[in-house]
Amino acid sequence: MLNMYRLNMKCLALNFLLSISLFSWSFETCEARYSVYWRGNRRSIAEGKTSGTFSVLDYGAKGDGTSDDTKAFEDAWKEACKVAASTLLVPSGSTFLVGPVSFLGKDCKENIVFLLDGKIIAPTSSSAWGSGLLQWIEFKSLKGITIKGKGVIDGRGSVWWNKSPDYDPADESESITSNDTMVEAQLGTEMPRTKPTALRFYGSNGVTVSGITIQNSPQTHLKFDSCISIQVSDFTTSSPGDSPNTDGIHLQNSQDAVIYRSKLACGDDCISIQTGCSNIYIHDVDCGPGHGISIGGLGKENTKACVSNITVRDVTMHETTNGVRIKSWQGGSGSVKQVMFSNIQVSEVANPIIIDQYYCDGGGCRNQTSAVAVSNINYINIKGTYTKEPVRFACSDSLPCTGISLSTIELKPATGKASLLDPFCWEAHGELKTKTLPPIQCLKTDKSTGGASQAC
């Protein structure tokens, strides 16, 4: 009996030890599996924070300012496009030389962010541009595209500005300065006659530009063509006042745009609004140097132009050639209507208020009867100093301007500018809602509407 009891106790002890061993093995296995799972899950969580960010440095960009980083940008964009709401990162502390490039929306997810914290510079060799291109950096056919950051796009435009836009090498009367000769010697050949826009958005919906600076563009700094729902804020352009055709922001065939809290210095219009634009709201913008804020020129070469619902308010302009301007070519058709210029402060602006239906850039224009109709234009609280002519309304004989309204206009000659022109009106019809300084006595107050315009 004793032996049997001892045998049973040994069996129980072995079973107990076996159970303990199995439990320990099971626990270790579970712990190991949990550890593997956690490490993997932790890695996936970490990757989840960065997997939507694609740095151009990871795709071969050197960022040394001399190596061509164009392909790296294209490759990073190709991958970023596969992920909705991803970010293409151009990091700070580096300068990237990038040639002409198009970031296309085909097969691209929505809401891509182009985060520009570094600097992008344009090539200054004529070979990089071929026979000439209309744009340097282009974003095309995208839904929800944002370019933001604290970075700079530098077009290095001085190599393009050494000739006037109408320069013809065959014209022996065109002199070549020593600076021109130096530039051409550096490049080996002249730059193409077609100058590119620095940054262009085409055919896109939901476009945001915020924080960045574009400087020294060969031509227009920022252009929106056939875009819907645009927002530009805290944006800066910087080019010399004598740099040719360097508009700050150019809009055409675009609707529903807001431009605010921006500083625009350039050699042409700070903001240019062209045909096909409607519902444009501009406020809190500093303009100068430049040519002011313009609607047009419209109707060139007998084309039809349609612009409506434009508001420009809380704007300062200093040392610009124009203030708020509407300009159209003779022979055009269509209309400009429902425009408000409000709270405009001008300082030493040559021509603060202009409507010109006889616009002609370069001469050789002939008189024509048809015109782009101008109606319902409101000027409210426009004050400051001018250096040439305070108000000029030059409207069409066959299609006079109608519905012009002026309120609280106070424009004084700039210091040292005593002998200046008086306000000028031609076929301009409207209403003075308050007294103006200087007095605008030439505005017709009858309700004549003139001829008819082709409907928009």
Side-chain angles (χ1 to χ4, degrees), residues 50-56 58-59 61 69-91 96 98-120 122 133-153 155 196-214 217 220-237 248-262 271 276-277 279-282:
T50 60
S51 62
T53 299
F54 301 82
S55 172
V56 294
D58 295 334
Y59 292 85
D69 290 326
T70 309
K71 188 176 185 303
F73 275 65
E74 292 173 333
D75 291 345
W77 175 261
K78 183 178 179 181
E79 293 303 311
C81 268
K82 297 176 182 179
V83 181
S86 64
T87 297
L88 188 152
L89 174 62
V90 182
F96 302 91
V98 177
V101 60
S102 291
F103 299 110
L104 305 179
K106 184 180 180 181
D107 302 324
C108 206
K109 301 294 185 181
E110 296 184 6
N111 301 321
I112 307 298
V113 175
F114 190 101
L115 181 55
L116 174 62
D117 284 331
K119 186 175 185 179
I120 299 174
L133 296 171
L134 295 176
Q135 57 271 329
W136 167 30
I137 300 171
E138 178 185 42
F139 291 86
K140 185 176 181 180
S141 303
L142 289 153
K143 291 184 179 180
I145 175 66
T146 296
I147 177 167
K148 66 178 183 178
K150 299 179 181 179
V152 175
I153 295 174
T197 289
L199 177 61
R200 179 196 188 216
F201 292 88
Y202 178 80
S204 296
N205 190 335
V207 181
T208 299
V209 177
S210 178
I212 69 168
T213 295
I214 303 178
S217 177
T220 299
H221 289 77
L222 174 62
K223 178 182 286 188
F224 299 96
D225 191 351
S226 302
C227 293
I228 300 173
S229 186
I230 299 162
Q231 179 172 298
V232 179
S233 64
D234 303 295
F235 172 64
T236 301
T237 64
I249 301 174
H250 180 102
L251 301 106
Q252 63 188 48
N253 297 313
S254 295
Q255 299 83 44
D256 305 327
V258 179
I259 299 169
Y260 63 100
R261 227 170 37 227
S262 295
I271 300 176
C277 289
N279 301 328
I280 310 297
Y281 182 32
I282 298 164

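If you're wondering where the values come from, they're calculated on a predicted model, not measured in any experiment. Sequence positions, counted from 1, serve as the residue numbers for this chain.
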Contact list for residues 104-113, test salt bridge (charged side-chain N to carboxylate O under 4.0 Å, His left out), sequence neighbours left out: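 For residues 104-113: none.
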
How long is the straight-line distance from [atom2] of [Y] back to [atom1] of [X], given to the nearest 0.5 Å?
| X | Y | atom1 | atom2 | value |
| --- | --- | --- | --- | --- |
| I230 | L222 | CD1 | CG | 9.0 Å |
| E138 | T197 | CD | OG1 | 10.0 Å |
| I212 | I153 | CD1 | CD1 | 4.5 Å |

Those residues that, when tested against D225, pass side chain to side chain contact (heavy atoms under 4.5 Å, CB included) (two or more places apart):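 Counting only residues at least two positions away or on another chain, D225 forms a side chain to side chain contact (heavy atoms under 4.5 Å, CB included) with R200, Y202, Q252, N253.
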
Counting C-beta onward and ignoring hydrogens, is there a side-chain heavy-atom pair between [X] and [Y] closer than 4.5 Å?
| X | Y | answer |
| --- | --- | --- |
| C108 | L142 | yes |
| Q231 | V207 | no |
| V101 | W77 | no |

Residues that D58 engages under salt bridge (charged side-chain N to carboxylate O under 4.0 Å, His left out), provided they are two or more places apart: none

Any residue meeting salt bridge (charged side-chain N to carboxylate O under 4.0 Å, His left out) with K150, in chain and number order, not counting sequence neighbours: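 By the salt bridge (charged side-chain N to carboxylate O under 4.0 Å, His left out) rule, K150 matches no residue at all.
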
Non-neighbouring partners of T208 that pass side chain to side chain donor-acceptor pair (under 3.5 Å), sequence neighbours left out: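 Side chain to side chain donor-acceptor pair (under 3.5 Å) list for T208, sorted by chain: empty.
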
Side chain S262, main chain F235, donor-acceptor under 3.5 Å: yes

Residues which pass ring-ring contact (aromatic ring centres under 6.0 Å, His included) with F114, listed by chain and number, not counting sequence neighbours: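 Scan of F114 (ring-ring contact (aromatic ring centres under 6.0 Å, His included), adjacent residues dropped) gives F103, F139.
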
